[in-house]
Each structure stands twice: as C-alpha cells, then as structure tokens.
> 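Before I ask anything, here is the structure I am working with.
Reckoned from all heavy atoms, side chains included, excluding hydrogens, waters and symmetry mates.
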Amino acid sequence: MSDAEELDEYDPYLLSEGEGEYAFWADRIADRVLDRDPEEPIVIKGGISPSGVPHLGNMNELMRGYFVAEVLRERGYDVRQIFTADDRDPLRGLPRKLADLDGEIVDLGDVNAGALGRNLGKPYTDIPDPFDCCDSYGAHFTNLIERSADLLGVPVETVSNTELYEDGDLEDVTAYLLDHVEQARDVLSKYQEKVDEDYVPFRPICEECGKVTETVTDYDAEAGTVDYVCTDMEAGDQTIEGCGHEGTVSLREGKLPWRFEWPAQWTVLGVDFEPFGKDHAEGSWPSGVDISLNVLDEEPPVPMVYEWFTLDGKPFSSSKGNVVLVGDVLDLVELPVLRYFFAKDPSKARDFSVQNLDQLVDEFDRLERVYFGEVDASEQETAFAERVYPFLVDEVREERIRLPYTFAAVLGMTDDPDLREEIARREGHIPEDAPEWAVEQALDRVELARNWARRTENAYNYDLKRTEMPDVDFDEDTRAALDELADFVETHDDPEAIQGEIYEIAKRHDVDVGDFFGAGYRLFFDEDQGPKLGPFLAKLDDEFVVRRLRREG
C-alpha cells in the first residue's frame with residue numbers, strides 16, 4: 001500500500017459518505033468505532049488549548065464526542081470521554097478579552113495585563129491567574145471549560161497536558177520519538193518546512209526564564225535528557241526573546257511539538273475516536289496519522305471533521321472578544337434547545353445567531369412535536385426526530401408544554417407571574433389538566449425569552465402596561481380610528497393583515513399614519529415608539545388588545 005493509499009484510509013471526510021443510511025450521524029461514527037473491535041472503556045477525546053475564553057464554538061468537539069459516547073452507551077458499551085487541556089502550550093500573545101469564573105467577559109485592562117505580558121513564552125500552567133482565583137492562567141480557563149461541560153450535562157474527564165508530562169505519562173513515548181528521530185524527521189518533512197538534520201521533536205522549558213524554547217543542542221534518549229539553548233521564539237508578528245541560557249532538562253521538563261504531541265496523546269490515552277475542526281483536517285491530522293502509523297507504530301483514532309460555527313455571521317474569536325459562552329446561551333434558551341444545535345449535521349457550517357434565536361427554538365419545538373407525532377413531517381424528518389430527541393432531554397415526557405418563544409417574550413413584558421399564566425391559559429397554550437411540573441417548565445421559558453429580548457434589544461424589549469392604562473388623551477378622529485382597529489382585531493389574527501389595516505384605518509379617518517402608530521404605542525407602552533405594531537398586537541391575547549384599543553382598561 002502506498003503512503004497516499006494508507007493515509008486515504010483515515011480521511012476524516014470519508015465519514016460523510018453514505019450518510020443517507022443513518023438518521024443520526026453519531027450512529028455512523030459509532031459503527032466505525034465498533035468496526036475496530038475496541039477494548040473497553042472506549043475512549044473518546046476532544047481537546048483545546050486553554051488560551052482564553054472558552055466560547056460556544058470550542059464546545060463543538062465536546063458535544064460531538066458526547067453524542068457518539070451516548071450512542072455507544074445506549075448500545076451497552078463502557079465509554080470514557082476525556083478532554084485534554086493543552087495547557088503546556090506557551091502563551092504567544094495577549095488576548096483582548098478574558099472571562100472570570102462566573103463567565104463575565106472583561107477587557108484585558110481590567111486584570112493584571114502587565115503580569116501576562118511579562119510571561120509571554122511560558123506554559124499556561126506556569127503563568128499566574130490574572131484573576132487571582134486559580135493556580136494558574138491555564139487552570140483558570142480549564143476551570144471554565146469544565147464548567148461549560150457541566151452546564152451542557154456532559155460527563156467529561158479533563159486531562160491536563162502539563163500533568164501528563166510532569167507525572168511521566170508522556171515520558172516513554174517522548175523517549176521513543178527521540179530514539180527514532182530520523183524517522184520522525186523524515187515523516188515531518190513531508191508536512192513542514194525547515195526540518196533539517198538537527199531537528200529534534202522536543203521543546204525544553206528553560207530553567208532560567210521559564211520560557212519554552214525550540215533550540216535543542218543534544219539529547220540522550222536512554223538517559224532521558226535534552227540539552228538546549230534558550231533562543232527567541234517567533235509568535236505571529238512578534239518575537240518573544242529568549243534569555244540565552246544553556247542547560248539540560250529531563251523529558252518531563254518540556255513538551256513535544258504539536259504535530260507529535262497529538263499522536264502521542266492518542267497513544268498514551270488509548271483514543272478510539274476524536275472529532276476536530278477542518279483546520280486540523282487540512283493540517284496536523286494527516287501528519288498525525290503518518291507519525292502514528294510510521295513512527296509510533298500505532299493506529300490513529302477514528303476521525304470526524306466538523307465545520308466551524310460563526311456567531312451572528314462573524315467568526316468566533318476569543319482574542320477579539322467575539323464570543324458567547326455556554327452560560328450566556330442557557331440564560332436565553334433551555335438546555336435541550338442548545339443540545340439540538342450541536343446535534344445537527346457536523347459537516348455543514350452553521351451560524352449561531354443570538355438575534356434570531358427564536359428561529360432555533362422554533363426548530364427544536366417542531367422536532368419535539370414531530371417526535372410525539374403531533375405534526376405532519378417527512379419520513380426523513382421523522383426518523384431524525386425519533387432518533388435524536390431522546391438524547392436532547394433528560395427525560396422524555398409527552399405532557400411537556402412549550403410556549404412559543406416569541407409569545408413567551410411577549411409575556412415577559414409583564415412582571416406578574418399569575419398574569420403570565422392566566423394569559424397563556426386563556427390563549428390555549430396551557431391545557432386545563434396540565435400537570436404542575438409542565439406548567440412550571442412552560443413558564444420558565446418566559447424569563448429566558450425576556451432575557452433574549454433585553455440582550456438583543458429587539459421588538460419585545462418593552463414594558464407592556466397591562467395592569468393599568470396609561471393616561472392618554474386623543475382627538476375624536478383618533479378615538480374613532482382606534483375603535484375601528486379594535487373591531488378589526490376582534491375578528492382577525494393575521495399579523496400582516498392587522499399591520500396593513502392600521503394604515504388603511506388611519507387614511508379613512510384622516511389621521512396621520514405616524515400619529516396613529518404613536519397612539520398605539522402610548523396605549524400599550526406609554527411611549528412614543530415601539531415594535532412593528534400589527535405583528536405585536538397579533539401576539540397578544542385578543543381580549544386585552546380589544547379592551548385597550550377601546551380605552552376600557
């Protein structure tokens with residue numbers, strides 16, 4: 001078998017072939033894993049360098065791994081899901097944004113940025129926590145990753161790369177690579193320039209200044225020692241200066257370059273499956289496969305490449321602060337809704353839009369109704385819903401109630417919980433015989449939708465004056481127009497029809513259209529402006545709208 005054919009066997013994009021045979025992509029991955037007859041526990045891995053704010057996009061491989069793990073557990077297998085914190089990586093630049101342990105985003109200037117600047121080039125676990133709450137910079141952001149996993153309900157075990165080195169877990173494989181350095185150089189040279197006869201796959205940590213250096217002058221694989229000179233490190237558009245110290249370290253006092261570290265993790269942790277982004281698929285995955293097969297003599301894990309997410313149309317970026325955290329999202333939607341977002345086809349790029357979050361909630365609500373056979377759906381949609389839905393919820397309960405998200409946002413315009421429930425019942429969203437837990441769950445969505453309206457400052461971010469009518473005074477023509485609009489709303493519920501009729505009624509009564517809309521806003525919000533009035537009125541309960549338009553309370 002040629003090198004190309006050998007690597008094609010591990011092409012991560014091959015997993016998308018034959019997708020139609022599976023209602024849920026995680027079943028296809030599980031079959032590929034089981035085809036290898038793995039030992040138990042089956043190990044599923046993800047990983048991240050804890051360099052900054054762990055945003056929703058970083059949770060991609062955590063959640064992709066979770067669904068495969070759950071499918072395997074459903075089939076009776078023991079599964080260990082781990083997430084490596086690549087915390088021995090050096091800090092190469094200063095992020096613009098950071099987050100405290102409560103998930104509050106802060107600017108770099110709000111913490112001890114000077115301390116970070118003085119520690120460029122050092123491993124994350126050797127840098128003080130800028131918030132002074134954890135053992136190190138790396139520990140702080142690993143903690144945030146763990147908290148995100150807990151919020152998502154993912155039983156993941158976090159593995160510190162620093163601890164793997166310090167405890168000696170990576171010592172044997174590192175010594176093996178040094179002992180087979182010519183093979184390592186030969187394989188790496190296919191993927192990376194500047195691999196000369198002096199290249200050694202090890203990065204010592206300088207005993208003098210604590211920075212990771214790339215200049216190895218000698219090594220003894222049998223003794224487990226590496227000689228080095230602390231030289232400059234190129235980090236993007238800047239140079240991190242080395243101190244020039246010459247010294248000797250053990251194999252526990254440094255790290256492997258990433259292209260060797262990743263396959264070393266597979267070997268040491270016994271990884272059976274790992275999802276990753278397309279940047280790795282087109283970069284370090286091919287070299288990792290080659291190194292694993294032809295240097296370490298180990299089989300790589302089953303791969304799966306996923307497409308990246310964007311946030312409101314822009315790339316996620318911890319350094320630039322274009323992020324949303326798991327905790328932020330769960331202030332806006334229920335956990336099953338967020339899990340649903342990750343359950344979709346990983347081979348398709350998706351945008352997570354906070355502004356249009358109502359559309360995602362509506363998608364999930366439809367999936368739920370399809371699962372319970374409450375709406376007509378295609379065979380494909382039904383198969384997906386029946387397979388995926390049980391993985392999204394903690395318990396399948398047909399009696400559940402979901403208020404439409406935008407209706408919940410309208411209810412959020414009033415603070416009275418009893419009134420919220422009364423309106424929801426009056427509008428037919430809560431059945432008379434609904435169990436108490438289902439009513440409570442349904443009304444919980446109101447606060448989530450209210451948070452969404454406030455965060456996005458959208459059409460539902462208003463204070464609806466329900467309990468008392470604002471002090472208003474209209475001329476005779478405006479009063480007559482409002483009465484006619486009340487008559488129309490009493491017999492029509494189409495949002496655009498109501499919107500169009502507002503214009504026509506204003507013309508018939510010779511009322512300025514802008515003034516007529518203003519009259520509506522004063523009646524409902526005691527303000528001069530507000531959301532698009534027709535669709536808004538259509539979402540309110542008819543009895544209240546008609547009464548208010550007639551100025552009856």
Side-chain angles (χ1 to χ4, degrees), residues 46-63 83-120 122-154 156 158-162 236 277 308-333 335 338-339 341-342 351-355 357 448 451-452 454-456:
I48 185 176
S49 179
S51 57
V53 182
H55 52 70
L56 194 68
N58 296 140
M59 297 301 106
N60 217 328
E61 58 197 79
L62 181 79
M63 287 303 298
F83 203 72
T84 52
D86 298 328
D87 50 18
R88 197 159 248 199
D89 291 357
L91 178 65
R92 294 177 174 270
L94 299 181
R96 298 181 190 176
K97 302 286 184 178
L98 297 171
D100 63 22
L101 289 185
D102 293 325
E104 293 295 324
I105 304 295
V106 302
D107 291 322
L108 187 60
D110 295 329
V111 298
N112 188 355
L116 288 180
R118 290 190 297 272
N119 285 285
L120 287 174
K122 294 182 181 180
Y124 298 125
T125 42
D126 290 341
I127 298 172
D129 178 10
F131 294 92
D132 295 322
C133 58
C134 297
D135 291 338
S136 68
Y137 182 97
H140 181 94
F141 290 102
T142 297
N143 194 317
L144 279 173
I145 294 167
E146 292 173 335
R147 292 186 179 207
S148 296
D150 287 342
L151 289 172
L152 289 165
V154 177
V156 67
T158 305
V159 176
S160 164
N161 231 21
T162 293
W308 292 327
F309 296 152
T310 52
L311 176 61
D312 286 317
K314 297 179 181 179
F316 275 95
S317 173
S318 294
S319 62
K320 296 180 180 179
N322 189 46
V323 297
V324 62
L325 278 66
V326 170
D328 295 335
V329 177
L330 293 180
D331 284 338
L332 309 177
V333 299
L335 176 58
L338 182 53
R339 284 180 171 175
F341 181 75
F342 286 103
D351 182 59
F352 188 87
S353 173
V354 178
Q355 192 72 41
L357 205 53
L448 298 174
N451 292 340
W452 168 66
R454 289 176 173 174
R455 177 179 175 120
T456 59

> Run the side chain to side chain donor-acceptor pair (under 3.5 Å) test against D86 and tell me which residues pass, sequence neighbours left out.
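Side chain to side chain donor-acceptor pair (under 3.5 Å) list for D86, sorted by chain: Q265.
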
> For T84, check side chain to side chain donor-acceptor pair (under 3.5 Å) against everything at least two apart and list the hits.
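For T84 the side chain to side chain donor-acceptor pair (under 3.5 Å) partners, ignoring immediate neighbours, are K45.
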
> Y124: which residues meet the ring-ring contact (aromatic ring centres under 6.0 Å, His included) condition with it, sequence neighbours left out?
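Only Y137 meet the ring-ring contact (aromatic ring centres under 6.0 Å, His included) criterion with Y124.
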
> Listed by chain and number, what are the side chain to side chain donor-acceptor pair (under 3.5 Å) partners of S148, not counting sequence neighbours?
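By the side chain to side chain donor-acceptor pair (under 3.5 Å) rule, S148 matches no residue at all.
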
> Would you name the heavy atoms of L56 and F342 that are closest together and state the gap between them?
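Minimum heavy-atom separation between L56 and F342: O-CZ, 3.7 Å.
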
> Check P315 against N322 and note the closest heavy-atom contact, atom names and distance.
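That closest heavy-atom pairing would be O-ND2, 2.7 Å.
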
> Do S160 and T142 have side chains that approach each other closer than 4.5 Å (heavy atoms only, starting at C-beta)?
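Contact flag for S160/T142 side chains = no.
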
> Mind checking what makes ring-ring contact (aromatic ring centres under 6.0 Å, His included) contact with F341, not counting sequence neighbours?
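Partners of F341 by the ring-ring contact (aromatic ring centres under 6.0 Å, His included) criterion, ordered by chain and then number, come out as F309, F352.
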
> So do N119 and P128 actually touch side chain to side chain, heavy atoms under 4.5 Å?
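Of all side-chain heavy-atom pairs linking N119 with P128, at least one is under 4.5 Å.
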
> Please report, to 0.1 Å, the donor-acceptor pairs under 3.5 Å made by any side chain of residues 323-332, with sequence neighbours excluded.
from: D328; atom 1: OD2; to: L325; atom 2: N; distance (Å): 3.1

> Taking only distance into account, with no hydrogens and no angle test, what donor-acceptor pairs under 3.5 Å do side-chain atoms of residues 106-114 form with protein atoms, sequence neighbours excluded?
from: D107; atom 1: OD1; to: K97; atom 2: NZ; distance (Å): 2.3
from: D110; atom 1: OD2; to: D107; atom 2: N; distance (Å): 3.2
from: N112; atom 1: OD1; to: A115; atom 2: N; distance (Å): 3.2

> Can you name the closest pair of heavy atoms from D135 and A139 and give their distance?
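In this case the closest contact between D135 and A139 is N-CB, 4.2 Å.
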
> Rounded to the nearest 0.5 Å, how far apart are CG of L94 and CG of L120?
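The CG atom of L94 sits 5.0 Å away from the CG atom of L120.
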
> Working to the nearest 0.5 angstrom, can you tell me the gap between N60 CG and F316 CZ?
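So the gap between those two atoms works out to 9.0 Å.
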
> Please enumerate all residues that pass ring-ring contact (aromatic ring centres under 6.0 Å, His included) together with F83, with sequence neighbours excluded.
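Once residues adjacent in sequence are excluded, F83 has no partner under the ring-ring contact (aromatic ring centres under 6.0 Å, His included) criterion.
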
> I'd like to check the salt bridge (charged side-chain N to carboxylate O under 4.0 Å, His left out) partners of D126; sequence neighbours left out, ordered by chain and number.
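Listed in chain order: nothing, the list is empty.
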
> Has the side chain of E61 got a donor or acceptor atom that lies under 3.5 Å from a matching backbone atom of G47?
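Here the side-chain-to-backbone pair exists.
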
> Please report the shortest heavy-atom distance between D351 and G313, naming the atom on each side.
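Nearest heavy atoms, D351 then G313: OD1-N, 2.6 Å.
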
> Run the salt bridge (charged side-chain N to carboxylate O under 4.0 Å, His left out) test against R147 and tell me which residues pass, sequence neighbours left out.
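Salt bridge (charged side-chain N to carboxylate O under 4.0 Å, His left out) list for R147, sorted by chain: empty.
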
> Can you find a heavy atom in the side chain of N143 that is under 4.5 Å from one in the side chain of L101?
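With C-beta onward as the side chain, the pair touches.
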
> Residues two or more places apart in sequence or in another chain: which of them pass side chain to side chain contact (heavy atoms under 4.5 Å, CB included) with D150?
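D150 satisfies side chain to side chain contact (heavy atoms under 4.5 Å, CB included) with no residue once adjacent residues are dropped.
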
> Just so I know, are the side chains of D312 and V354 near enough to count as touching, which here means a heavy-atom distance under 4.5 Å?
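Yes. Closest side-chain heavy atoms under 4.5 Å.
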
> I'd like to know if the side chain of H140 reaches the main chain of A99, judged simply by a donor and an acceptor atom lying under 3.5 Å from each other, with no hydrogens or angles considered.
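Checking the backbone N and O of A99 against the side chain of H140, a donor-acceptor pair under 3.5 Å is found.
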
> Give me the atom names and distance for the closest heavy-atom approach of L144 to P54.
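Taking every non-hydrogen atom into account, CB-CG, 3.5 Å.
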
> Any donor and acceptor pair, going by atom type alone, linking the side chain of N161 with main-chain N or O of A85 inside 3.5 Å?
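Checked: no pair found.
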
> Got F141 and I145 here, is their nearest side-chain heavy-atom distance under 4.5 Å?
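The answer is no, as the side chains (C-beta and beyond) never meet within the 4.5 Å cut-off.
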
> Under 3.5 Å, is there a donor-acceptor pair between the S136 and D129 side chains?
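No pair is found: no donor N or O on one side chain lies under 3.5 Å from an acceptor on the other.
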
> Using the test side chain to side chain donor-acceptor pair (under 3.5 Å), find all partners of T162 that sit at least two apart in sequence or belong to another chain.
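By the side chain to side chain donor-acceptor pair (under 3.5 Å) rule, T162 matches D87, T125.
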
